[in-house]
Amino acid sequence: MKFKRLLSLGLALSLSLSLAACGGGDDKDPVEGGDATGPKIFVDWNDQAHEMEDFMYLHSEGAVDGRVLGNVWEGLLTQDANANIIPQIATEWSHNEDASEWYFTLRDDVKWVGHDKEIKADLTSEDFLTGIEWTLNYWKNDAKHLQMLTATVIGAQEYFDYTKEELDQEAGYKTLGTDEKFLNTVGIEAPDPTHLTFKLIQPTPYFDSVIMGVCGFPLSQGLVDELGVEGVKGMDNTTMWVNGPYIIDEYINNNSKVFVKNPHYWNPDVVSFDEVQVKMVPDTETDDTMFMTGEIDRCTLSESNLRMIYDDPNHPFHDNLVEVRDSPFAYQIHLNYNKWKADGTPDEDWNKAVNNENFRLAIRYGVNLEAYWARFNFINPESNALETFTAAEVAKFSDGKDYADRVKEILNVPAEGRYDAAKGAEYVKLAKEELTAAGVNFPIELRYYIKAGDAVAQDNATVLQQAFEECFGKDMINFVIDTYVASFAKEIQVSHLHSINTSGWGADYRDPENFLTQIITGTDSAYYAARMDYENEALPEAKAQWDEFTSMVIEANKITGDLDARYEAQAQAEAFALEHALIVPLRCPFTAWAMTRENCFTHPRNSYKYVNYELKDEPYTTAEYEQLWADFNAGK
């Protein structure tokens with residue numbers, strides 16, 4: 001059997017319908033519909049390290065929640081398998097001549113439905129006022145999903161500041177999307193039940209991709225009245241109201257989820273299954289075994305199982321190895337600029353190290369990631385290579401050049417990649433001299449956390465550990481692999497205990513701004529800066545560089561009339577951050593090896609919204625999937 005590299009340079013980016021870094025969306029125009037064929041029960045899987053943490057979709061920014069909640073909630077627009085924006089709750093949308101005002105016409109047959117499958121209310125334009133007010137309310141939503149609105153909609157930042165600075169919690173909980181204060185401040189209007197208007201700070205030709213995200217999702221005031229603000233914040237599958245294709249019929253934490261078809265969904269023809277079961281597994285090898293025993297319908301192969309099957313022509317699943325479209329996310333090594341020890345005191349040795357530019361440059365150039373990439377795709381490890389912070393295919397210049405390629409040009413990245421052992425060794429030498437003079441004690445402890453009991457995560461971490469130790473030497477770095485029980489965010493992240501973390505971001509909308517503004521200083525809405533990297537609390541040397549990068553991003557984002565000029569300025573800013581190794585690119589998994597009964601080309605890449613899925617009775621063969629790739633790349 002001959003395996004080919006199937007990654008096409010023409011693959012369209014599947015923009016994440018982010019619950020921040022998360023995917024979802026329909027694959028064909030839902031107005032058109034089309035009956036799904038094949039089995040009516042789909043059995044999927046997820047690993048326990050990625051169990052959901054939040055049922056309130058407006059509050060969650062994690063893919064762990066998005067892959068679940070994207071099946072039960074939806075907003076104005078969605079996208080197809082080629083990342084074309086298509087109707088959802090909005091049937092039509094348009095804008096004025098300079099794209100500074102946008103107009104949406106809504107369906108009149110969308111229902112809010114409870115866990116008991118009974119209709120709770122009709123969905124109207126007022127629900128979008130309620131949802132956006134909630135998102136912009138400091139007391140209700142903790143600045144989650146804030147940036148997309150404050151960067152585009154008139155008065156969004158002012159309203160957030162008002163709730164944060166002038167209201168206490170009690171007053172903040174009482175505000176409504178129909179209040180004069182909200183409507184007079186924020187550029188949003190709902191003149192009747194089926195129309196919405198957004199007034200923007202500046203011309204924004206990509207605003208439809210912005211409002212497609214969770215920042216523009218509706219929320220029923222009736223649900224808020226029924227549960228109260230705290231009740232909505234803490235709601236679960238039994239208390240929530242949904243408007244999407246499925247209802248979460250059963251949820252057992254770290255064990256399973258069962259979705260059933262929403263009987264009142266406005267477009268039942270695209271709902272592929274009567275029931276979807278999601279089994280939670282302890283690690284990403286268990287799913288391989290479960291697929292081979294017929295317990296689940298698809299699996300993503302771990303390195304060990306892929307090697308075993310690939311190397312054995314007589315293995316019963318040898319001819320069922322297929323390369324599928326994988327995540328559009330770009331993953332980075334995130335550095336914690338204000339690490340604490342377990343007792344809550346600053347880890348001064350790590351903090352001095354990470355704020356030293358030569359130390360960070362040693363990571364950028366001296367840590368060889370090829371063995372780490374092989375953990376995810378040993379057949380084509382280079383398909384994971386990443387040199388930028390922003391993923392490919394988020395934006396293109398007028399001449400067709402990808403924005404990410406322009407960033408690489410500015411950085412002068414060699415064709416073989418940035419890794420350079422000699423350059424890395426020189427930066428290690430310089431960093432050690434400077435850190436010794438600064439009184440740093442060696443070896444510096446580098447603490448990296450994984451989910452307890454996840455054997456595959458342990459192996460991945462061990463490979464990363466070896467790469468760091470080969471670069472720095474054990475006398476300079478003590479790479480400690482530690483564990484958390486259930487939630488990295490709640491157990492580790494908020495306590496600043498990590499030195500580094502490997503995390504990915506997917507585009508919420510079609511502009512590099514969406515990536516870059518997650519790592520700028522001075523704002524509550526920057527996901528990484530405010531909640532993982534803590535760069536606002538960096539020591540002066542690194543903080544000055546972060547602030548310079550932030551100024552470059554802010555100035556670049558002001559450019560609206562000339563998109564080429566905008567992208568060039570954004571690329572210069574991104575290149576600055578990478579040149580100083582303020583953040584280090586890790587991998588971008590455009591493809592993955594799998595075994596599956598599901599056709600991944602009928603819906604957006606990495607989509608877990610179970611609509612327009614095609615499922616076979618038997619696993620696909622390698623040859624069959626190669627034909628699917630060929631048809632997809634040919635536009636069939």
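We use all heavy atoms of the structure for the numbers below, so side chains are in, but hydrogens, waters and symmetry mates are not. Just so it is clear, the structure is predicted and the values come from calculations on it, not from any experiment.
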Salt bridge (charged side-chain N to carboxylate O under 4.0 Å, His left out) involving R406 - partner list, sequence neighbours excluded: E409, E568

Residues in salt bridge (charged side-chain N to carboxylate O under 4.0 Å, His left out) contact with E126, at least two apart in sequence or another chain: none

Backbone N/O of I492 and side chain of S495: donor-acceptor pair under 3.5 Å: no

D562: partners by salt bridge (charged side-chain N to carboxylate O under 4.0 Å, His left out), with sequence neighbours left out: none

Residue list, side-chain hydrogen bond (donor to acceptor under 3.5 Å, both in side chains) with K164, at least two apart or on another chain: D524

Sidechain N-carboxylate O distance under 4.0 Å for R447, D347: no

Side chains of N46 and E51, donor plus acceptor under 3.5 Å: no

Y159 versus E133, side-chain donor and acceptor atoms under 3.5 Å: yes

Results of side-chain hydrogen bond (donor to acceptor under 3.5 Å, both in side chains) for D343 - residues two or more places apart only: T345

S503 and Y528 side chains, donor-acceptor separation under 3.5 Å: yes

Results of side-chain hydrogen bond (donor to acceptor under 3.5 Å, both in side chains) for E555 - residues two or more places apart only: K558

Distance-only donor-acceptor check, side chains N336 and W350, under 3.5 Å: no

R531 bridged to E61 by N-O distance under 4.0 Å: yes

Under 3.5 Å side-chain donor-acceptor pair for E53 and S487: yes

